[in-house]
Amino acid sequence: MMRRVNAWAAAMALLALAGCQTVPPRTIDGLAPVMPGEGEMMTLNDLYVVIDASGSMYPPEKLREAKEVFANFVKAAPDKYFDANLTVFGGEWEMDWIKAPMQPFDRAHFASLADSVKFIAGGTPLSVALADLQPSIAARPLSAAVLILSDGMSDPAGSVAAAKALAAAARGPLCFHTVHFGSEAEGRAVLDEIAAINGCGSSRHADEVDGPIGIEALERDVFFGPWMDGDGDGVPDPIDLCPDTPMGTPVNGYGCHTWGTVYFDTDKSDVKRAYGALLDEVAAKLRANPRMCLRVEGHTDSRAPDEYNQKLSERRAKAVGAALVERGAAEGQLIVEGFSEFRPAQPNTDWQNMQLNRRVELRPLP
C-alpha cells in the first residue's frame with residue numbers, strides 16, 4: 001500500500017511540474033536591449049545557451065527560474081548581430097531534448113523558445129550536452145560564449161572535462177558563463193570551475209539575476225568587452241583577422257587588406273563577365289610582382305547547411321583562381337580557400353545583405 005501511495009505522489013508531483021511549465025515565463029518590466037557603454041564594444045559572434053531540464057531541477061521553482069532568466073536574457077540581449085542556438089537537456093534520451101540550431105538571433109523566435117522549455121527529468125548529462133556543441137564550435141572560427149543555466153548537479157569530473165575539451169577544440173575565443181540554481185554547494189563548485197576555464201567567463205547565482213541590474217550585468221559579461229583596435233584600421237580586435245594592417249590601408253570587414261571582391265548569384269560559382277576588368281588588374285599586379293601571393297577567399301550566405309556552403313565557397317574561390325591563372329597569374333601565387341558562411345560581410349538578415357555575403361575576396365599577402 002505504501003508503495004502505491006509513493007508512486008501516486010510522485011506522479012502527481014510530475015504532473016504539477018509539467019503543468020507549471022506550460023505557463024509562459026514572467027519577464028521583468030522595463031527591460032530593454034543592452035547596448036555597449038563608453039569604451040565598450042560587442043565582442044561576441046556566437047552564443048550557445050544550455051539549459052538544464054533534468055530531474056535534479058525539481059522542485060518546480062528551479063526550472064521555472066531558469067526559464068525566466070532565459071526569457072529576460074533574450075529580452076535584454078543587444079540589438080547587434082550575432083548567431084545563437086539553444087540546447088535544453090535532461091535524461092539519457094537526446095530525442096527528448098530541445099535543440100534550436102545555430103541561426104541569426106531573432107528576439108521573437110528566442111522568446112518563443114523560452115516558452116517551450118519544459119521539464120525532461122532523468123539524470124543530468126551536462127557533459128553530454130557540452131560535448132554535443134563541439135562540432136559547431138570546432139567548425140566556426142569565431143568569438144563564442146557558452147551560457148549554462150543549471151544546478152550543476154552532474155558528474156563533476158565529466159562536466160569540467162567536457163568544457164575543457166570544448167575550449168581546446170575552439171578555433172576562436174571561447175568563454176563560459178554560468179548561472180546556478182538551487183542551494184547545492186557541490187553544484188555551484190562545478191559551475192564555478194567551468195566558468196574559470198580560459199579566464200574570461202563569469203559565474204553567479206540565480207538570485208543575482210532576478211532584477212534588471214543583474215540581467216544587465218550578465219548581458220555585459222557575455223557580450224561586451226573594452227574597445228580595442230591595435231592597428232587603428234577601424235576594425236575591433238576580436239574580429240580583426242589581420243591585426244597588423246598598416247594604418248590607412250583599405251581593409252574589409254575583418255581588417256584585412258583587399259584588392260577587390262567578386263560577387264555571385266545564389267547557389268552559383270560561375271564568374272560574371274562584369275568582373276573581367278578587376279581580374280585583369282589583379283592578374284597584372286601578380287605578374288609584375290612574382291614573389292607576391294594572393295589569398296582567394298570564398299564565402300556564402302547562410303541559407304544552406306554548413307557542409308554544402310563549405311563546398312560552394314570552395315567552388316567560388318577555385319573559379320576566381322582559375323580566372324586569374326588564365327590571365328597569366330602563376331598558380332603558386334594563389335592560396336585558394338573557402339570559408340562557408342562563417343565570415344559574413346553583413347548579417348544574413350535580408351536579401352541585400354545575403355547578396356553581399358556571396359563573394360570571393362582577393363587579399364594580397366606580402
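Each residue takes its place number in the sequence, starting with 1.
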Evaluate whether atom NZ of K99 has more than 12 neighbouring non-hydrogen atoms of other residues, nucleotides or ligands under 6.0 angstrom away. yes
Centroid-to-centroid, F176 to Y48, below 6.0 Å? no
Side-chain heavy atoms nearer than 4.5 Å, only ILVMFWY residues, links allowed to pass through others: does that put L312 and V271 together? no
Checking side chain to side chain donor-acceptor pair (under 3.5 Å) for the pair D151/S56: CA distance, chi angles, key distance, verdict? CA-CA 7 Å; D151 61 1; S56 68; 2.8 Å; yes
Between V34 and F223, is a side-chain contact (heavy atoms from CB on, under 4.5 Å) present by the stated rule, with each step listed? CA-CA 9 Å; V34 176; F223 288 104; over 6 Å; no
As a quick check of understanding, evaluate salt bridge (charged side-chain N to carboxylate O under 4.0 Å, His left out) for R204 and D221, giving each step before the final call. CA-CA 11 Å; R204 48 183 41 88; D221 281 346; 2.8 Å; yes
Neighbour count >12 (heavy atoms, 6.0 Å) for atom CZ, R26: no
Output, in order, the C-alpha distance, side-chain angles, deciding distance and verdict of side chain to side chain donor-acceptor pair (under 3.5 Å) for T124 and S154. CA-CA 5 Å; T124 308; S154 182; 5.8 Å; no
As an exercise, state the distance from OG of S127 to CG of L166, rounded to the nearest 0.5 Å. 11.0 Å
Min side-chain heavy-atom separation F224-T43 under 4.5 Å: no
Are any of the side-chain heavy atoms of F342 and D306 separated by less than 4.5 Å? yes
Is there a salt bridge (charged side-chain N to carboxylate O under 4.0 Å, His left out) between E297 and R359 once you walk through the steps? CA-CA 8 Å; E297 301 179 345; R359 71 199 194 281; over 6 Å; no
For side chain to side chain donor-acceptor pair (under 3.5 Å), just list the numbers for T300 and S313, CA-CA rounded to whole Å, side-chain angles, deciding distance to a tenth of an Å, and then say yes or no. CA-CA 6 Å; T300 71; S313 67; over 6 Å; no
Test side chain to side chain contact (heavy atoms under 4.5 Å, CB included), reference P33, set R107, E219, K80, output is R107
Parallel under 30°, tilted from 30 to 60°, perpendicular over 60°: which one fits the rings of H299 and F339? parallel
Quick one: does L130's side chain get under 4.5 Å of F89's, heavy atoms only? no
Atom pair CZ (R363) and CG (L365), whose distance is rounded to the nearest 0.5 Å: 6.0 Å
For residues L174 and I197, determine if any side-chain heavy atom of one lies less than 4.5 Å from a side-chain heavy atom of the other. no
Check the pair L63, V117 against side-chain contact (heavy atoms from CB on, under 4.5 Å), reporting the backbone distance first and the verdict last. CA-CA 9 Å; L63 185 58; V117 174; 4.1 Å; yes
Just say parallel, tilted or perpendicular for the rings of F82 and F105, cut-offs at 30° and 60°. parallel
Does a side-chain heavy-atom distance below 4.5 Å link K75 with I28? no
Do S340 and N309 pass the side chain to side chain donor-acceptor pair (under 3.5 Å) test, and can you show the C-alpha distance, the side-chain angles, and the key distance before you say yes or no? CA-CA 5 Å; S340 188; N309 282 339; 4.5 Å; no
Please check if V49 and L142 belong to a single hydrophobic cluster, counting links between Ile, Leu, Val, Met, Phe, Trp and Tyr side chain heavy atoms closer than 4.5 Å. no
Do any N or O atoms from the side chain of D229 and from the backbone of G234 form a donor-acceptor pair under 3.5 angstrom? yes
Is there a donor-acceptor pair under 3.5 Å between the side chain of D265 and the backbone N or O of K268? no
Are I194 and M153 connected into the same hydrophobic cluster when the rule is that any two of I, L, V, M, F, W, Y join if their side-chain heavy atoms are below 4.5 Å apart? no
Which residue, V74, L47, N85, forms the side chain to side chain contact (heavy atoms under 4.5 Å, CB included) with F110? V74
Non-hydrogen side-chain atoms of E216 and L31 separated by less than 4.5 Å: no
Please determine whether side-chain contact (heavy atoms from CB on, under 4.5 Å) holds for the pair I120 and S54, giving the CA-CA distance in whole Å, both sets of side-chain angles, and the decisive distance to 0.1 Å. CA-CA 6 Å; I120 300 176; S54 69; over 6 Å; no
Main chain of H205, side chain of E208: is a donor-acceptor contact present, judged purely on distance under 3.5 Å? yes
I'd like to know if the side chain of Q333 and the backbone of M292 have a donor-acceptor N/O pair within less than 3.5 Å. yes
Using the rule that Ile, Leu, Val, Met, Phe, Trp and Tyr join whenever any side-chain heavy atoms are under 4.5 Å apart, tell me whether L126 and I137 fall into a single cluster. yes
Just one of N353, N357, D301 clears the side chain to side chain donor-acceptor pair (under 3.5 Å) bar with N348, so which one? N357
Co-membership, hydrophobic cluster, residues Y263 and M354, 4.5 Å side-chain: no
Residues Y275, F264; criterion ring pair (Phe, Tyr, Trp, His ring centres under 6.0 Å); working and verdict: CA-CA 11 Å; Y275 294 103; F264 293 82; 7.5 Å; no
Under a 4.5 Å cut-off applied to non-hydrogen side-chain atoms, are K118 and K67 in contact? no
Using modelled atom types only, decide if a donor and an acceptor are shared between the side chain of Q310 and the backbone of G338 within a distance under 3.5 Å. yes
Check step by step if side-chain contact (heavy atoms from CB on, under 4.5 Å) holds for V360 and V296. CA-CA 7 Å; V360 165; V296 183; 3.6 Å; yes
More than 12 heavy atoms of other residues, nucleotides or ligands under 6.0 Å from CD of E331: is that the case? no
Would one find more than 12 heavy atoms of other residues, nucleotides or ligands at under 6.0 Å from atom NZ of K285? yes
Less than 4.5 Å apart, any side-chain heavy atom of S150 and any of I51? no
